[in-house]
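Just so you know, these numbers use all the heavy atoms, side chains as well, and skip hydrogens, waters and symmetry mates. In listed order, ligands and their atoms are each counted from 1. We count residues from 1, following the sequence as given.
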Amino acid sequence: MIEVANLTKRYAGHTAVTDVSFTVGRGEIVGLLGPNGAGKSTIIRILSCFMPATSGTARVAGFDVFPQADEVRRRLGYLPENNPLHKEMRVCEYLKFRARLKGLSRGRSRERADVVMRQCALADVSHRIIGQLSKGYQQRVGLADALVHEPELVILDEPTLGLDPNQIRAVRQLIKDLGRTHTVLLSSHILPE
Ligand code: ADP
């Protein structure tokens, strides 16, 4: 599902990732572990088509992330580290909006929003304004967003960062459940994760 070969990323005057190679098979849950600044987010941003590598290759489901970015994006759900959400929107309205942006029809967006709200235990807050929810719920909205277009691969950047122990347990369980049907790549700087 993921093939990374000899990936290097240089920012102006600074090398963030040097000659990284790894593969992730279909149905695996794999963690990128390293201290802050190790280059985890950089690898994830390259894999999710947000920026090109300086050298090396990265493929998702056989598609090259740079020249075939549209094919990759269709197959990939991405939860960035800072979980950007439209906080003034209501949960169900936001998920339908995101599904439409990702190319789903109006009817399918409605259906998928309902499915991911159930999957991420958001049904009780579907009409609440996102900005008024706890951080744990907001993280689940970010996960639901990553899943709404039925991607084969889900990439989560520090998905438990800033959550309390109960919220961390809930998100971990959700990731385990996801692993039954998806390939999951997540990053963390916390060894027990
Ligand atoms: P991690 O996710 O493991 O904390 P990052 O990939 O965010 O690591 O960062 C790796 C290194 O690259 C760090 O030294 C960071 O300061 C640097 N870096 C990250 N993004 C940029 C950028 N846009 N411009 C310049 N340097 C960056």
By salt bridge (charged side-chain N to carboxylate O under 4.0 Å, His left out), which residues pair with Asp124, not counting sequence neighbours?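 By the salt bridge (charged side-chain N to carboxylate O under 4.0 Å, His left out) rule, Asp124 matches no residue at all.
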Residue pair Arg106, Glu111: steps toward the salt bridge (charged side-chain N to carboxylate O under 4.0 Å, His left out) verdict: CA-CA 9 Å; Arg106 197 177 296 274; Glu111 278 169 24; over 6 Å; no
Could you go through Lys102 and Asp145, starting from their C-alpha distance and side-chain angles, then the distance that decides it, and tell me whether this counts as salt bridge (charged side-chain N to carboxylate O under 4.0 Å, His left out)? CA-CA 10 Å; Lys102 294 178 188 194; Asp145 174 350; 3.0 Å; yes
Can you pull out every side chain to side chain donor-acceptor pair (under 3.5 Å) where at least one residue sits in residues 167-176? Sequence neighbours excluded, please. Asn166-Arg169, Arg172-Glu193, Gln173-Asp177
Under a 3.5 Å threshold, I'd like every N/O contact between ligand 1 and protein atoms, with atom names and distance.
residue  : atom   : partner : partner atom : Å
ligand 1 : 2 (O)  : Ser41   : N            : 2.8
ligand 1 : 2 (O)  : Ser41   : OG           : 2.8
ligand 1 : 3 (O)  : Ala38   : N            : 3.1
ligand 1 : 3 (O)  : Gly39   : N            : 2.9
ligand 1 : 3 (O)  : Lys40   : N            : 2.9
ligand 1 : 3 (O)  : Lys40   : NZ           : 2.8
ligand 1 : 4 (O)  : Gly37   : N            : 2.7
ligand 1 : 6 (O)  : Thr42   : N            : 2.9
ligand 1 : 6 (O)  : Thr42   : OG1          : 2.5
ligand 1 : 8 (O)  : Gly39   : N            : 3.1
ligand 1 : 14 (O) : His14   : NE2          : 3.1
ligand 1 : 20 (N) : Tyr11   : OH           : 3.4

Let's go through Leu79 and Asp157 carefully: what are the C-alpha distance in whole Å and the side-chain angles of both, what is the deciding distance for side chain to side chain contact (heavy atoms under 4.5 Å, CB included) to 0.1 Å, and is it a yes or a no? CA-CA 6 Å; Leu79 175 62; Asp157 198 355; over 6 Å; no
With sequence neighbours excluded, tell me which residues meet side chain to side chain donor-acceptor pair (under 3.5 Å) with Arg90. none
